[in-house]
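Counting starts at 1 for both ligands and their atoms, following the listed order. Side chains are part of it too, since the values below use all heavy atoms of this structure and drop only hydrogens, waters and symmetry mates. On a predicted model such as this, the values are computed, not experimentally measured, just so you know.
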Amino acid sequence: MFIEYDENNNISKLRECYYMSSVNVWNADLYDHKLSFVSSFGKGVVELLQPQKGEKILDLGCGTGDLTYEISKSGAIVKGSDFSGEMIEKACKKFPQIPFIVENGETFRTNEKYDAVFSNAALHWMKNAEKVVESIELALHPGGRFVAEFGGQGNVQTVIRGITEVLSQEYGINVAERNPWYFPSIGEYSTLLEQYGFKVSYAHHFDRPTPLTDGEKGLNHWLDSFADDFFPEFSKEEKMVIYGKIKNMIQPDLYKDGIWEADYKRIRIVAIKKG
Ligand code: BEZ
């Protein structure tokens, strides 16, 4: 809870903003400055959501809150949640008018029911998809909608191939055991939603090659921000050496005209909770 004071030092407002309980550390500044494409691309998902004035909407995996804010512009009553305390702390500072909370997407429960649950570029971090779908279903009103984009089958497969070849061949590491991501096919994910009583009204699996900022360093920033689970025992210097080997291996596929382009493959989905 945030306490805000007026000019006479009296409590003027109690604002919901919980971020002390997280164990997950993300670099929220790097996320905002070098990886801002995450929320730029997400604006298309907000269009798919079509938020309406007065609707109650949960932004699940909101990061530093840019899309939560986009949704709020419609007049919807929106709340952002994320597993990372760093991200939520930054979101609270950027958008003090919006409530944000640290929450685990696999286990959260809500007292209030929502008209919509929205999520961009977050669900692929939640490997227990069944528990996530169960939590979303419980959070929605009958007739409420779930609108999401996340990595689909084949997402960043060239990057994963590079990581796998370097770590397994040169360091004897079992990379599959460390992979933190869930990238389902449309069939698999739609079936899961149907099992939990949703009607899938839209599903699209598409390629979206994504240019990374900072030229030659672009893939380093991406690996530093997103792929740390693969390299827990390595120092910063050792990681730079490993990144160099990965880059040598995959640059014929992903490095063009001085720019790294990640081989993103997205799923967009809209599902309605049956009444
Ligand atoms: C993605 O948005 O597809 C993604 C981001 C970080 C790691 C893996 C995938």
Side-chain angles (χ1 to χ4, degrees), residues 24-46 48-49 59-68 70 80-84 86-87 90 105-106 118-129 132 147-164 166-167 175-186 188-189 203-214 217-232 239 242-243 246-247 250 253-254 259-269:
N24 193 17
V25 177
W26 277 68
N27 186 334
D29 288 329
L30 191 64
Y31 184 83
D32 266 3
H33 295 128
K34 305 281 185 203
L35 304 158
S36 56
F37 63 82
V38 177
S39 40
S40 313
F41 279 124
K43 288 188 181 161
V45 198
V46 176
L48 192 61
L49 172 69
D59 180 1
L60 179 61
C62 64
T64 59
D66 289 348
L67 294 181
T68 327
E70 276 308 306
S81 79
D82 202 284
F83 191 46
S84 159
E86 271 237 342
M87 294 289 190
K90 185 135 197 219
E106 292 179 353
F118 168 90
S119 186
N120 178 58
L123 298 179
H124 47 246
W125 290 104
M126 305 175 200
K127 286 191 98 167
N128 194 333
V132 176
V147 178
E149 178 178 311
F150 57 103
Q153 193 174 64
N155 195 35
V156 291
Q157 63 191 3
T158 310
V159 181
I160 294 174
R161 174 170 56 79
I163 295 173
T164 305
V166 173
L167 288 187
V175 172
E177 275 175 5
R178 296 183 175 189
N179 189 330
W181 304 313
Y182 165 72
F183 298 139
S185 70
I186 259 187
E188 186 183 337
Y189 203 69
H204 188 198
H205 191 175
F206 58 100
D207 291 0
R208 195 186 53 218
T210 300
L212 305 177
T213 46
D214 254 8
K217 292 204 190 93
L219 193 70
N220 287 48
H221 295 317
W222 193 95
L223 291 167
D224 267 340
S225 305
F226 295 135
D228 228 26
D229 292 87
F230 292 103
F231 313 105
K239 277 197 274 188
I242 296 172
Y243 292 177
I246 294 170
K247 284 158 75 176
I250 62 178
D253 298 307
L254 299 185
I259 294 174
W260 283 95
E261 203 173 68
D263 51 339
Y264 276 22
K265 294 184 171 47
R266 320 309 287 165
I267 281 185
R268 274 191 187 179
I269 204 128

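- Taking 4.0 Å as the cut-off, Phe150 does not count as a neighbour of ligand 1 on heavy-atom distance.
- Contact annotation: Arg266 has at least one heavy atom less than 4.0 Å from an atom of ligand 1.
- Side-chain N/O atoms of Tyr243 and Asp224 include a donor and acceptor closer than 3.5 Å.
- Set against the non-hydrogen atoms of Trp125, the atoms of ligand 1 under 4.0 Å away are 6 (C), 7 (C).
- Taking any N or O of Asn155, backbone or side chain, at least one lies under 3.5 Å from an N or O belonging to ligand 1.
- Note that NE2 of His221 and CG of Leu212 are 9.5 Å apart. Values are rounded to the nearest 0.5 Å.
- Sparse packing is recorded around NZ of Lys217, with 12 or fewer heavy atoms of other residues, nucleotides or ligands lying under 6.0 Å away.
- No salt bridge links Arg266 with Asp207; every basic N to acidic carboxylate O contact stays at or beyond 4.0 Å.
- Classified by interplanar angle (parallel below 30°, tilted 30° to 60°, perpendicular above 60°), the ring pair Tyr182/Phe150 is parallel.
- Taking all heavy atoms of Tyr182, Phe41, Trp222, Phe183 into account, the minimum distance to atom 7 (C) of ligand 1 is reached by Trp222.
- The residue from Phe226, Tyr264, Trp181 that puts a heavy atom closest to atom 8 (C) of ligand 1 is Trp181.
- In this structure, Glu70 and Lys43 have side chains that are in contact, with non-hydrogen atoms separated by less than 4.5 Å.
- Closest heavy-atom approach to atom 1 (C) of ligand 1 within the set Glu149, Arg208, His124: this belongs to His124.
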